[in-house]
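Take a look at the structure below.
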Amino acid sequence: MPELPEVETVRRQLAAVLPGRRIKGVDVRLARILRNIAPEALQERIIGRRFTGVDRRGKFLILHLDDGARLIVHLRMTGRMTVARAGDPEWPYTRVVVSLDGGSELRFSDVRTFGTWHYAGDTGGEPPGLAAMGVEPLSDGFTPDTLAGVLAGRRAPVKAVLLDQRRIAGIGNIYADEALFRAGIDPARPAGSLSAEEVTRLHEKIREVLQASLEKGGTTVRDYVNGRGVPGEFQKYLEVYGRAGQPCRRCGTQLVKRKVAGRGTHVCPRCQR
DNA sequence: ATAGCGCCCTGGTGGC
DNA sequence: TGCCACCAGGGCGCTA
């Protein structure tokens with residue numbers, strides 16, 4: 001599932017090739033991917049425009065156009081955003097193709113069709129979650145005090161708070177489990193019950209695991225590929241996610257999978273308290 | 001305000 | 001071997 005490291009990897013690659021490219025055509029093969037605009041209206045608005053830059057906010061990709069409008073894309077579970085030469089083989093389940101000058105194409109494929117595109121012009125049109133997005137965990141604004149404030153007084157499981165995009169942006173199921181393991185904290189603990197020391201440790205581990213994954217091009221469990229169609233490498237370094245039944249690398253105890261915050265949750269029952 | 005849950009969607013998997 | 005229930009889960013809308 002694309003989370004912050006995966007989306008940031010895609011962003012960097014798109015930012016290297018899209019700016020300056022002019023949109024020649026838009027082929028929408030599944031209209032409901034476009035959440036706030038019809039295919040014909042999208043074509044009318046963006047054909048002839050040039051891309052000027054690519055940003056990321058949480059798990060959203062924000063593609064800027066030269067008239068100030070933005071295409072805001074969320075990959076959700078199985079979305080893939082790639083740039084390829086026109087005529088090169090497509091991924092299966094390609095849903096949207098934006099053809100560009102110079103002979104390349106921006107392609108969006110998505111098996112499960114959870115992914116979304118929003119067109120945001122002068123009149124708004126941002127997806128609801130974007131404006132309410134919480135702090136970027138790799139930014140300077142994310143400090144141990146920030147995390148303490150986010151967790152304080154909450155009775156929800158600490159994992160639920162880490163997954164809440166309005167509190168912290170970009171953490172999904174994989175990195176929540178990995179950060180909590182590395183910090184030695186049981187995901188089911190009420191968020192407000194963490195000691196100052198535990199909060200500091202969790203803050204450090206969140207940043208460490210996101211940064212480490214980013215350096216490996218993200219995690220590919222099944223579907224994720226980067227902007228050039230290449231899988232990530234960080235799955236080799238996962239400590240708990242997807243390792244239920246296998247021994248903890250730290251203590252040898254068999255890792256278990258249970259449900260926390262409605263999500264499959266991977267823990268070492270000995271290392272995490 | 002907060003917390004929990006069901007829904008969307010499809011392919012892969014595991015059990016019988 | 002074949003079938004089918006179940007699981008994966010981000011974000012959103014609904015409920016208490």
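Basis for what follows: all heavy atoms, side chains included, without hydrogens, waters or symmetry-related copies. In the text below, chain A, chain B and the rest are named by the order of the sequence lines, each starting its count at 1.
Here the side chain of Arg11(A) pairs no donor or acceptor atom with the backbone of Val7(A) at under 3.5 angstrom. Side-chain atoms of Arg107(A) do not come within 3.5 Å of backbone N or O of Thr94(A) as any donor-acceptor pair.
Contacts of His203(A) classified as ring pair (Phe, Tyr, Trp, His ring centres under 6.0 Å), with partners at least two apart in sequence or in another chain: Phe142(A). Not counting sequence neighbours, the partners of Thr220(A) by the side chain to side chain contact (heavy atoms under 4.5 Å, CB included) test are Tyr224(A), Pro231(A), Gln235(A).
In terms of hydrophobic clustering, with Ile, Leu, Val, Met, Phe, Trp and Tyr side chains grouped at heavy-atom distances under 4.5 Å, Leu34(A) and Tyr119(A) are assigned to a common cluster.
Direction change of the helix axis from one end of the helix from dT2(B)-dA16(C) to dC16(B)-dG2(C) to the other is 60°, with five pairs defining each end axis (rounded to 10°).
Between His74(A) and the phosphate of dG11(C), there is a side-chain N or O to OP1/OP2 separation shorter than 4.0 Å. In this model, the phosphate group of dG10(C) is not approached by any side-chain N or O of Gln165(A) to a distance below 4.0 Å at OP1 or OP2.
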Q.
Across nucleotides 1-11 of chain B, 5' to 3', mark each nucleotide with B, S or - according to how protein heavy atoms within less than 4.0 Å reach it.
A. -SSS---BBBS

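Whole-Å rounding puts the Asp223(A) CG to dG12(B) P distance at 9 Å. Atom pair Asn173(A):CG and dG10(C):P shows a separation of 5 Å (rounding to whole Å applied). Atom pair His118(A):NE2 and dC12(C):C1' shows a separation of 11 Å (rounding to whole Å applied). Protein atom CG of Asp164(A) is 15 Å distant from nucleotide atom C1' of dG13(C), rounded to whole Å. Across the protein-nucleic acid pair, Lys59(A) atom NZ and dC12(C) atom C1' stand 13 Å apart, rounded to whole Å. Met133(A) has its CE atom 10 Å from the C1' atom of dG11(C), to the nearest Å. Rounded to an integer number of Å, the gap from Met77(A) CE to dC12(C) P is 15 Å.
Residue pairs meeting the salt bridge (Lys or Arg N to Asp or Glu O under 4.0 Å) criterion with at least one partner in residues 134-156 of chain A, sequence neighbours excluded, are Arg56(A)-Glu136(A), Arg57(A)-Glu136(A).
Pro128(A) comes within contact range of the sugar-phosphate backbone alone, with a heavy-atom separation under 4.0 Å but no base atom that close. Using a 4.0 Å heavy-atom criterion, one finds that Tyr241(A) contacts the sugar-phosphate atoms exclusively.
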(Q) For a side chain to side chain contact (heavy atoms under 4.5 Å, CB included) check, start with the C-alpha distance between Leu138(A) and Gln211(A), then their side-chain angles and the critical distance, and finish with the verdict. (A) CA-CA 8 Å; Leu138(A) 291 181; Gln211(A) 188 60 43; 3.9 Å; yes

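Between Lys59(A) and Glu6(A) no salt bridge is recorded (no basic side-chain N to carboxylate O distance below 4.0 Å).
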Name each donor-acceptor pair under 3.5 Å that joins a side chain in residues 62-70 of chain A to protein atoms two or more places apart or in another chain, with its distance.
| from | atom 1 | to | atom 2 | distance (Å) |
| --- | --- | --- | --- | --- |
| His64(A) | NE2 | Asp55(A) | OD2 | 2.8 |
| Asp66(A) | OD1 | Arg49(A) | NE | 2.6 |
| Asp66(A) | OD1 | Arg50(A) | N | 3.4 |
| Asp66(A) | OD2 | Arg50(A) | N | 3.1 |
| Asp67(A) | OD1 | Ala69(A) | N | 3.1 |
| Arg70(A) | NH1 | Glu126(A) | OE2 | 2.7 |

